[in-house]
Amino acid sequence: MKNNSTPSFSTRLQCHLSILQRTLLSDEDPSSRLLYSYHAAINGFAARLSEDELKVLRATSGVLAVRPDRRLQIHTTYSYKFLGLGFARNGAWVQSDFGKGTIIGILDTGVWPESPSFGDHRMPPVPKKWRGICQAGQDFNASLCNRKLIGARFYHKGHLVSSTTPSSPTEYVSPRDASGHGTHTSSTAAGISVHGASVLGNGAGEARGMAPGAHIAMYKVCWFNGCYSSDILAGMDDAIQDGVDILSLSLGGFPLPLFEDSIAIGGFRATEKGILVICAAGNSGPISNSVANEAPWITTVGASTLDRRFPAIVRAGDGQMLYGQSMYPGNQFSDAGRELELVYGGSRGAEFCLNGTLSKARIGGKMVVCDRGTTGRVLKGQVVKELGGAAMILANTEINLEEDSVDVHVLPATQIGYAEAIRLKRYMRSTRRPMARIEFGGTVIGKSRAPEVALFSSRGPSLTNPSILKPDIIAPGVNIIAAWPENLGPTGLPEDNRRVDFNVLSGTSMACPHVSGIASLIRAVHPQWSPAAIRSAIMTTADTIDHLGRPIMDGLKPAGVFAIGAGHVNPSRVLDPGLVYDIKPDDYVAHLCTLGYTRSEIFIIAHRQVNCHETLLKNRDFSLNYPSISVIFKHEMMRKMIKRRLTNVGPPNSTYSVEVVAPQGVKVIVRPMSLTFSHLYQSKDYRVWFTTSKKVAKERMDYAQGHLTWVHDHQIHYKVRSPISVTWIG
């Protein structure tokens with residue numbers, strides 16, 4: 001029901017109950033008939049009514065419309081639908097049989113095998129190529145593996161030796177997940193369909209991984225104190241031998257030279273064996289040069305937003321409406337929506353709601369404003385709750401700006417952006433007794449612009465290897481709902497006694513398994529493709545516009561290549577990219593030579609004795625055949641040539657023409673300007689000359705961007721797009 005009644009009640013809930021009471025033809029309490037009282041999404045309510053009561057309601061003054069409840073087709077929770085994955089005959093799911101026969105190896109915190117996302121109903125048999133095990137351990141029997149979760153191992157020797165902090169008493173010395181992260185990422189990649197999934201009623205729908213037909217192998221390498229490189233390498237070592245097709249690592253650290261990076265080293269060996277390695281870009285954004293997992297044989301994934309929101313509006317005492325978000329189940333609790341006195345700051349550290357900085361006398365029964373930072377978001381709420389605070393507003397600071405990762409708080413709470421936080425604090429200073437209420441709006445889909453770059457997503461250019469543009473791709477990583485262990489509350493705090501099968505998390509950790517699952521779909525259709533070819537298909541078909549047809553945004557400006565790489569993953573196009581940029585392991589070794597790596601440094605990575613002088617003599621004009629193009633003009637350099645090779649994976653007798661949007665201040669020439677492929681897997685070379693001027697180099701001294709696209713418009717329309725970055729140094 002919608003209404004346009006004037007706000008003569010202290011809350012909308014009271015207004016809705018009043019209308020409902022006048023509608024009922026019995027003496028029942030109207031709250032017993034009320035299902036939901038909506039706040040932000042719509043001014044209205046949902047209720048159970050008889051036919052006669054329906055007539056009364058329609059005749060009530062101020063009622064605009066009355067609509068019956070409709071059963072809609074299931075959505076999800078929710079990213080596969082946002083990405084366009086569905087059941088169309090020519091779609092990626094149907095063509096790949098949902099990733100059937102592929103194996104995704106996950107290196108993470110373990111898995112909760114009893115989660116409904118890991119059931120094996122309708123799963124195919126374990127692939128014959130699988131050579132892994134299901135390792136028993138604490139509260140984990142080998143019988144817990146099945147046709148979905150086909151393997152599980154754990155690695156903690158490095159952790160035990162290196163860690164100076166005792167393990168948590170709730171940790172399991174087994175593949176069992178004690179923190180939730182691994183359960184969440186693995187179900188995002190390949191969880192089966194689970195109907196009726198939600199987080200305490202929020203985000204309700206059908207949970208389903210990107211490749212629901214793929215098999216999962218869990219390698220537990222992370223513990224409460226972190227992930228140690230020795231354990232990571234041990235996990236990668238086993239995974240390579242076990243027969244996985246994809247390695248998914250939602251972990252990493254700061255940028256390192258490749259020969260010091262355990263993930264890069266293990267990743268090279270996996271790539272040699274035909275395994276595609278996909279890693280999270282890191283959560284150190286929006287700082288430049290912060291991208292991790294930079295190796296060119298690794299697919300590096302940044303994070304983007306969905307068009308799903310969980311509005312929880314702060315209505316201040318002066319009438320201001322401050323937009324916030326929360327997954328606290330507000331319509332179930334009495335404190336939600338109640339007007340409360342606001343309190344902020346006080347003793348040193350109180351603005352961050354640190355333990356020991358607040359007093360029960362000051363915050364008891366009040367709504368506490370807590371600045372983000374220093375401690376975790378949900379921990380602030382626990383501190384407030386333990387001291388008798390009735391609600392919390394989590395306020396972004398200048399560091400967080402408008403970043404909006406939501407939480408399932410332990411008390412009525414919402415998170416507001418930096419601009420809203422400034423307005424709220426200005427109001428609080430203007431009056432002796434500031435008041436506010438939180439109005440929870442449930443789940444809203446399709447009303448916001450998306451995708452956008454997540455503020456926290458790490459940015460390029462690569463610190464140690466700027467000749468390769470990183471990150472490679474972005475994928476959904478904000479407010480992602482996926483499986484969760486039964487032993488943890490949704491906040492992960494030991495005091496949180498609530499239990500859920502699904503939970504919400506944000507991070508490039510959540511973006512990474514989206515791409516891992518999509519890569520599994522490609523591998524199922526094209527088992528002969530190399531890891532580089534699969535990555536090329538993902539990158540060259542990526543989107544650079546959002547769902548409204550406008551440029552993907554990064555805050556208030558269009559996103560640049562150092563934020564999105566090639567763009568936003570589009571699974572509807574990845575199975576048939578037309579052309580691919582393929583790379584052999586030997587090419588990566590030659591690339592290491594161009595970086596000036598010594599023989600011993602290359603040996604650490606590639607386990608090969610390499611004479612770089614001879615290697616580069618054989619490849620005089622060598623440039624790595626990467627799907628993106630990074631050009632660096634150093635000192636007095638005014639001209640540079642790069643070479644690329646395209647391989648036809650589309651129809652025979654196909655001609656492609658090149659289209660170029662040149663970076664500002666750079667002249668771009670491509671030769672040849674068209675390529676004709678007579679048969680499948682035929683390869684053709686092209687060269688690109690980039691020319692700048694001393695004037696431009698002197699004036700700019702930063703970077704510019706553009707793109708190069710090979711277009712085929714006959715019968716099937718292909719666009720094989722490569723982003724270009726140009727950097728001037730010194």
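No experiment lies behind these values; they were computed from the predicted model shown. Below, each value reflects all heavy atoms present in this structure, side chains not excepted, and no hydrogens, waters or symmetry copies.
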Any sub-3.5 Å donor-acceptor pair from [X]'s side-chain atoms to [Y]'s backbone N or O?
{"X": "Trp93", "Y": "Met210", "answer": "yes"}
{"X": "Asn570", "Y": "Ser572", "answer": "yes"}
{"X": "Ser536", "Y": "Ala532", "answer": "no"}
{"X": "Ser458", "Y": "Val291", "answer": "no"}
{"X": "His184", "Y": "Asn503", "answer": "yes"}
{"X": "Lys470", "Y": "Arg459", "answer": "no"}
{"X": "Ser520", "Y": "Thr102", "answer": "no"}
{"X": "Arg147", "Y": "Met123", "answer": "yes"}
{"X": "Asn289", "Y": "Pro461", "answer": "yes"}
{"X": "Thr464", "Y": "Pro257", "answer": "no"}

Minimum heavy-atom distance [X]-[Y], with the two atoms named:
{"X": "Arg644", "Y": "Leu624", "value": "NH1-O, 2.9 Å"}
{"X": "Ile538", "Y": "Ile473", "value": "O-CD1, 3.7 Å"}
{"X": "Asp177", "Y": "Gly110", "value": "CB-C, 3.4 Å"}
{"X": "Ser405", "Y": "Phe456", "value": "OG-CE2, 3.9 Å"}
{"X": "Val574", "Y": "Ala537", "value": "O-CB, 3.5 Å"}
{"X": "Ala92", "Y": "Leu575", "value": "CA-CD1, 3.5 Å"}

Close aromatic pair by centroid cut-off 6.0 Å: Phe259 and Tyr597: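 Yes - the distance between ring centres of Phe259 and Tyr597 falls below the 6.0 Å cut-off.
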
Atom [atom1] in [X], atom [atom2] in [Y]: separation rounded to 0.5 Å?
{"X": "Glu294", "Y": "Ile468", "atom1": "CD", "atom2": "CD1", "result": "11.0 Å"}
{"X": "Trp710", "Y": "Met673", "atom1": "CH2", "atom2": "CE", "result": "8.0 Å"}
{"X": "Ser628", "Y": "Tyr581", "atom1": "OG", "atom2": "OH", "result": "9.5 Å"}
{"X": "Ile298", "Y": "Leu249", "atom1": "CD1", "atom2": "CG", "result": "7.5 Å"}
{"X": "Leu675", "Y": "Arg645", "atom1": "CG", "atom2": "CZ", "result": "11.5 Å"}
{"X": "His215", "Y": "Ile104", "atom1": "NE2", "atom2": "CD1", "result": "10.0 Å"}

Step-by-step side-chain contact (heavy atoms from CB on, under 4.5 Å) determination, Phe502 to Ser117: CA-CA 9 Å; Phe502 295 88; Ser117 291; 3.5 Å; yes

Audit row: Lys148, Ile192, side-chain contact (heavy atoms from CB on, under 4.5 Å) steps and yes/no: CA-CA 8 Å; Lys148 167 56 74 174; Ile192 67 167; 3.3 Å; yes

Derivation and outcome, side-chain contact (heavy atoms from CB on, under 4.5 Å), residues Ile629 and Leu469: CA-CA 7 Å; Ile629 299 170; Leu469 176 58; over 6 Å; no

Is it true that [Y] and [X] share a donor-acceptor pair across their side chains at a distance under 3.5 Å?
{"X": "His514", "Y": "Thr188", "answer": "no"}
{"X": "Asp685", "Y": "Ser683", "answer": "no"}
{"X": "Gln664", "Y": "Tyr703", "answer": "no"}

Determine whether [X] and [Y] make a side-chain contact, defined as any pair of heavy atoms from C-beta on separated by less than 4.5 Å.
{"X": "Trp130", "Y": "Asp242", "answer": "yes"}
{"X": "Ile278", "Y": "Leu247", "answer": "no"}
{"X": "Val569", "Y": "Ile474", "answer": "no"}
{"X": "Gln95", "Y": "Leu521", "answer": "no"}
{"X": "Asp472", "Y": "Tyr626", "answer": "yes"}
{"X": "Val670", "Y": "Val660", "answer": "yes"}
{"X": "His568", "Y": "His547", "answer": "no"}
{"X": "Leu579", "Y": "His712", "answer": "no"}

Test log, rule salt bridge (Lys or Arg N to Asp or Glu O under 4.0 Å), inputs Lys129 and Asp245: CA-CA 10 Å; Lys129 65 183 178 183; Asp245 297 291; 2.6 Å; yes

From CA spacing to verdict: side-chain hydrogen bond (donor to acceptor under 3.5 Å, both in side chains), Glu272, Tyr588: CA-CA 10 Å; Glu272 282 188 308; Tyr588 292 122; over 6 Å; no

cation_pi(Lys684, Phe677) dist<6.0 Å, angle<=45: yes

Residues Asp582 and Lys584 bridged, charged N to O under 4.0 Å: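 Judged by the 4.0 Å cut-off on N to carboxylate O distance, Asp582 and Lys584 do not form a salt bridge.
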
Asp546 bridged to Arg449 by N-O distance under 4.0 Å: yes

Cystine candidate Cys279-Cys512, SG separation under 2.5 Å: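 Not so, these two cysteines form no disulfide.
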
side-chain contact (heavy atoms from CB on, under 4.5 Å) evaluation trace for Arg687 with Arg671: CA-CA 5 Å; Arg687 286 173 168 78; Arg671 293 291 184 271; 5.5 Å; no

Stepwise side-chain hydrogen bond (donor to acceptor under 3.5 Å, both in side chains) check, Thr655 with Thr676: CA-CA 4 Å; Thr655 298; Thr676 299; 2.9 Å; yes

Candidate pair Arg153 and Asp238, rule salt bridge (Lys or Arg N to Asp or Glu O under 4.0 Å), full reasoning: CA-CA 9 Å; Arg153 301 175 183 261; Asp238 276 340; 3.5 Å; yes

CZ (Arg122) with more than 12 external heavy atoms under 6.0 Å: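 Incorrect, the count does not exceed 12.
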
Member of Asp554, Val478, Thr508, Ile564 meeting the side chain to side chain contact (heavy atoms under 4.5 Å, CB included) criterion with Ser457: Thr508

